[in-house]
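Okay, so here's the structure we're looking at.
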Amino acid sequence: KLNPRLIRRKSLDAEVFSYVSGWHHYVIGQLFQTPGFKDDPEWIAKRLGGKLTKEDVQASLQLLEKLNFIRRNPETNKLELSNSEPLIAMEEIPSAAGRKHHFEQMDQAKDALQTQPMSDREFTCLTLRVSRKKLPEIKKAIREFRDKFDKDYFDEDSEDVCQLNLQFFFHTAEKKWKN
């Protein structure tokens with residue numbers, strides 16, 4: 001339900017922009033679904049290594065609730081997954097929100113590179129020459145890899161939430177340097 005690629009339409013508003021642009025909303029959404037999840041902002045903040053304050057977590061939970069990803073059960077007063085499907089379409093998200101999200105994820109990756117042992121992370125890169133004409137094919141291959149990775153390695157019973165970032169970009173300018 002929280003997979004942004006599989007979510008249906010909802011009109012864009014400030015809450016959707018906030019959800020997409022903040023790295024932690026996705027992470028908390030995934031953490032929320034882990035077997036040992038505790039409906040406690042302090043526990044969540046600690047579980048995320050102190051990267052967020054208790055107040056940040058509370059605000060994120062309120063946002064997830066407002067967007068109908070989660071709801072408070074009136075009988076138990078505990079947060080749970082919402083019965084209705086959240087309605088957001090990625091093509092409606094402004095590029096500024098997507099860029100902010102990716103900037104924040106790159107910051108998280110830089111932090112992991114500095115703080116996590118090699119046994120807990122995998123950072124690799126490849127520098128190569130490609131034709132710009134193959135860019136649509138390259139994007140398709142990266143998206144197919146991402147989707148297959150998600151399908152093959154998502155573990156409903158896992159207590160951990162991880163991030164896979166793939167970057168592909170040109171280091172060179174497009175033929176303007178020849179002039």
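Note that the coordinates shown come from a computational prediction; the quantities given were computed from them, not determined experimentally. Reckoned from all heavy atoms, side chains included, excluding hydrogens, waters and symmetry mates.
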request  = Quick one: do E80 and I70 satisfy side-chain contact (heavy atoms from CB on, under 4.5 Å)? Show the steps, please.
outcome  = CA-CA 6 Å; E80 59 187 32; I70 60 177; over 6 Å; no
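- Under the 4.5 Å side-chain heavy-atom criterion for Ile, Leu, Val, Met, Phe, Trp and Tyr, L135 and L166 are members of the same hydrophobic cluster.
- Annotation: the span from Q105 atom CD to K110 atom NZ amounts to 12.5 Å, rounded to 0.5 Å.
- Under the salt bridge (charged side-chain N to carboxylate O under 4.0 Å, His left out) criterion, no residue pair touches residues 116-128, with sequence neighbours excluded.
- Hydrophobic clustering, with ILVMFWY side chains joined whenever heavy atoms are under 4.5 angstrom apart, groups L126 together with L164.
- A heavy-atom distance below 4.5 Å is found between the side chains of Y19 and F69.
- With respect to the salt-bridge test (charged N to carboxylate O, under 4.0 angstrom), the residues R71 and E65 do not qualify.
- In terms of heavy-atom proximity, P41 sits nearest to V57 at CA-CG1, 3.6 Å.
- I28 contributes atom CD1, which lies 13.0 Å from atom CD of Q33 (distance to the nearest 0.5 angstrom).
- Residues in residues 158-169 take part in these salt bridge (charged side-chain N to carboxylate O under 4.0 Å, His left out) pairs, two or more places apart or across chains: R47-D160.
- By the ring-ring contact (aromatic ring centres under 6.0 Å, His included) test, F145 pairs with F149, sequence neighbours left out.
- When the side-chain contact (heavy atoms from CB on, under 4.5 Å) test is applied to E156, the partners found at least two apart in sequence or on another chain are F154.
- No side-chain donor-acceptor contact under 3.5 Å links S18 to the backbone of A14.
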key: Intermediate values then yes/no, side-chain hydrogen bond (donor to acceptor under 3.5 Å, both in side chains), Q163 and N165   = CA-CA 6 Å; Q163 183 70 31; N165 291 334; 3.1 Å; yes
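- One N or O on the side chain of D39 and one on the backbone of L79 form a donor-acceptor pair closer than 3.5 Å.
- Considering CE of M106 and NE2 of H102, their distance stands at 8.0 Å, rounded to 0.5 Å.
- In this structure, the side chains of K38 and I44 stay at 4.5 Å or more apart for every pair of heavy atoms.
- H101 is linked by a ring-ring contact (aromatic ring centres under 6.0 Å, His included) to Y26, counting only residues two or more places apart in sequence or in another chain.
- A salt bridge between K51 and D56 is absent, with no side-chain N of the basic residue lying under 4.0 Å from a carboxylate O of the acidic one.
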request  = Take Q108 and E104, measure what side-chain contact (heavy atoms from CB on, under 4.5 Å) needs, and give me the verdict at the end.
outcome  = CA-CA 6 Å; Q108 294 300 310; E104 290 185 2; 5.6 Å; no
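- With respect to the salt-bridge test (charged N to carboxylate O, under 4.0 angstrom), the residues E144 and K140 qualify.
- Residues meeting the ring-ring contact (aromatic ring centres under 6.0 Å, His included) test with F170, sequence neighbours left out: none.
- Although no hydrogens or angles enter the test, the distance criterion places no donor-acceptor pair under 3.5 Å between the side chain of S158 and the main chain of D155.
- Under a cut-off of 6.0 angstrom, the local environment of CZ in F168 is crowded, with over 12 non-hydrogen atoms contributed by other residues, nucleotides or ligands.
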